[in-house]
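Quick note: residue numbers are just sequence positions, from 1. This one's a predicted model, so the numbers in the text were calculated from it and none came from an experiment.
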Amino acid sequence: MPKKRTLTKVLIGSIFLASFFVGYIAWAPASLAEHEITWGVTYSPSQAEYLGLDPKETYQEIIHDLGAKNIKLHINWNATEPENNQYNFENLDYYIRQANRNDVDLILVIGMKTGRWPECHTPNWIHGVAPENREKEILEYVQTLVERYQGVKTVTHWQIENEPFLEFGTCPDWYYDFDTSLVEKEVALVKSLDPSRKVIVSESGELSDWTKAAEAADIVGITMYRNAWNSTTETFGLNPYSFLSPKFYSTKATYIRTAYKKPVISIELQAEPWTEKPLKEASLEAQAQSMNPQMFQEGVAFASKTGLGTYYFWGVEWWYWMKTTHNKPEIWNQARTLFKE
């Protein structure tokens, strides 16, 4: 499902970010220090299911055939705690066990809003919880996950929520009423339970200044998009992200590193189409307009020039779907070469 943002939000965000860029470009260095690049992938079992794939088979192929050694794993609350205080860890245990056996480093994305449509994977029972108790239920869920997996060596980081400060998806209105307070409490809770691991909070790389994440977390995770459908594309035939350069990201990262002493990584690097329709409804021709093998290569080169050093591709489920369902393995094979270099 594409992330549809309103024309007003996109234009306001673009104007704000253009101003930010101009304001800091004068003092930003020409480039960040050279980094050894780490490439990883994000993986959502529910996205694999949406595409008609076997989630466990897909995960195995990501590890064994693709060769990914760094995976950000999305954990859906509605699948993990379908009934209040009744947990189902069978599938999650499987994914973590396989990573542990194959020396794969995992980032576990935990909380209420953890990415992939509808963004907030909220169990039905939470809607019957009194407003004053909602935060308590979310924190109890986070605590249960951390206590269960904090002793697993393959878990290297926790990510709290997914772009929690950006309003998109089908999250309940009250989720955003927390503003930053929920995230702050989640981070504090996780660090009290597991002080050995760093905590990531993510923000839109394009539509925010990253400061809320920098204030809350140990590591700032940002998106990086180059080709996207949104209301400006439909109205003006214009892709606002096409105007962004690598220095747009490196300048902001320099500011965060300087002002907040926090590292910045790309936790969501576009490597799948962003179309007007959901992927299964969009034609292959429409999909190729916003992601194809050439765009994948260009995205890798673009990201490398930002100097962030660590990048997690968004779209590995789509790569495997294209490979197995549509006999188009090109991007899967390009990524496999990259991971094995």
Side-chain angles (χ1 to χ4, degrees), residues 40-51 53-64 68-129 133-162 164 171 182-183 185-187 189-200 202 267 312 316-317:
V41 299
T42 72
Y43 182 63
S44 167
S46 64
Q47 179 70 1
E49 289 181 352
Y50 162 73
L51 293 173
L53 303 171
D54 181 314
K56 292 181 179 178
E57 173 192 308
T58 304
Y59 188 71
Q60 288 280 8
E61 290 298 299
I62 289 169
I63 293 174
H64 296 292
K69 288 294 185 182
N70 298 276
I71 299 175
K72 184 181 79 167
L73 183 63
H74 296 258
I75 302 172
N76 294 350
W77 189 9
N78 57 349
T80 310
E81 191 181 6
E83 300 294 336
N84 196 5
N85 296 321
Q86 296 182 25
Y87 291 89
N88 181 355
F89 292 114
E90 180 181 356
N91 290 333
L92 183 52
D93 283 349
Y94 172 85
Y95 296 123
I96 292 176
R97 186 167 59 248
Q98 292 303 312
N100 211 31
R101 289 174 177 173
N102 292 281
D103 296 321
V104 172
D105 288 342
L106 289 179
I107 297 171
L108 298 189
V109 189
I110 59 177
M112 179 169 158
K113 184 183 182 188
T114 52
R116 287 295 183 184
W117 199 261
E119 304 296 338
C120 282
H121 301 273
T122 311
N124 288 331
W125 58 263
I126 194 66
H127 301 297
V129 173
N133 292 327
R134 290 167 180 160
E135 181 183 89
K136 173 177 173 290
E137 294 291 350
I138 297 170
L139 293 173
E140 285 182 357
Y141 168 65
V142 168
Q143 180 172 345
T144 299
L145 290 177
V146 174
E147 289 179 341
R148 184 175 183 85
Y149 298 115
Q150 63 183 350
V152 180
K153 68 175 183 178
T154 196
V155 177
T156 61
H157 298 79
W158 304 101
Q159 180 178 321
I160 298 300
E161 308 289 334
N162 186 73
C171 297
L182 174 62
V183 171
K185 290 178 182 178
E186 288 175 297
V187 171
L189 173 63
V190 171
K191 292 180 73 66
S192 70
L193 295 170
D194 184 12
S196 67
R197 291 181 175 87
K198 300 293 186 182
V199 175
I200 301 167
S202 65
I267 206 69
Y312 283 77
V316 69
E317 308 91 348

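To the nearest 0.5 Å, the span separating CG on N100 from CG on L106 amounts to 8.5 Å. The OG1 atom of T42 lies 8.5 Å from the CD1 atom of I62; values are rounded to the nearest 0.5 Å. Rounding to the nearest 0.5 Å gives a distance of 9.5 Å between CG of L51 and OG of S44. With rounding to the nearest 0.5 angstrom, the OG1 atom of T154 is 12.5 Å from the CZ atom of R97. Separation of atoms CZ (F89) and OH (Y95) is listed at 15.0 Å; rounding is to 0.5 Å. Put simply, CG on L182 and CD1 on I160 are 9.0 Å apart, with the number rounded to the nearest 0.5 Å.
Residues W158 and I107 have side chains not in contact (no heavy-atom distance under 4.5 Å, counting atoms from C-beta outward). No side-chain heavy atom of E137 sits less than 4.5 Å from a side-chain heavy atom of R134. The shortest distance between side-chain heavy atoms of N88 and T80 does not fall below 4.5 Å. With a 4.5 Å cut-off on side-chain heavy atoms, I126 and W77 count as touching. The shortest side-chain heavy-atom distance between I110 and Q159 does not fall under the 4.5 Å cut-off. The shortest distance between side-chain heavy atoms of R197 and Q150 falls below 4.5 Å.
Aromatic ring pairs are classed by plane angle as parallel below 30°, tilted from 30° to 60° and perpendicular above 60°; the pair Y141 and Y87 is parallel.
Sparse packing is recorded around NZ of K198, with 12 or fewer heavy atoms of other residues, nucleotides or ligands lying under 6.0 Å away.
With E161 contributing its side chain and K113 its backbone, the two residues share a donor-acceptor pair below 3.5 Å. Of the possible polar contacts, none joining the H74 side chain to the S46 backbone as a donor-acceptor pair under 3.5 Å is found. In this structure a side-chain-to-backbone donor-acceptor pair under 3.5 Å is present from D54 to K56.
In terms of heavy atoms, P164 sits closest to S202 at CD-O, 3.4 Å. The heavy-atom pair separating P123 from P82 by the smallest distance is CB-O, 4.5 Å. The minimum heavy-atom distance linking T122 with M112 is given by the pair OG1-CE, 3.5 Å. In plain terms, the two heavy atoms of A68 and V104 that are nearest each other are O-CG2, 3.8 Å.
There is no side-chain donor-acceptor pair under 3.5 Å between Y59 and N91. Q86 and E81 are not linked by any side-chain donor-acceptor pair at a separation below 3.5 angstrom, with hydrogens and angles left out of the test. For the residue pair T114 / N162, no side-chain donor-acceptor distance below 3.5 Å is found, with atom types taken as modelled.
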Inset, instruction - Tell me, with the steps shown, if Q98 and R101 meet side-chain contact (heavy atoms from CB on, under 4.5 Å). - result: CA-CA 5 Å; Q98 292 303 312; R101 289 174 177 173; 3.3 Å; yes
Inset, instruction - Evaluate the criterion side-chain contact (heavy atoms from CB on, under 4.5 Å) for residue pair N85 and E140; output intermediate values, then yes/no. - result: CA-CA 9 Å; N85 296 321; E140 285 182 357; 4.3 Å; yes
Inset, instruction - For N70 and V41, run side-chain contact (heavy atoms from CB on, under 4.5 Å): C-alpha distance rounded to whole Å, both residues' side-chain angles, the deciding distance at 0.1 Å, then the answer. - result: CA-CA 6 Å; N70 298 276; V41 299; over 6 Å; no
Inset, instruction - Show your working on side chain to side chain donor-acceptor pair (under 3.5 Å) between D105 and T156 and close with a plain yes or no. - result: CA-CA 6 Å; D105 288 342; T156 61; 5.2 Å; no
Inset, instruction - Test side-chain contact (heavy atoms from CB on, under 4.5 Å) on I267 and I200 and set out the steps. - result: CA-CA 9 Å; I267 206 69; I200 301 167; 4.3 Å; yes
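Taking the ring axis of Y43 as reference, the NZ or CZ atom of K72 does not stay both within 45° of it and closer than 6.0 Å to the ring centre.
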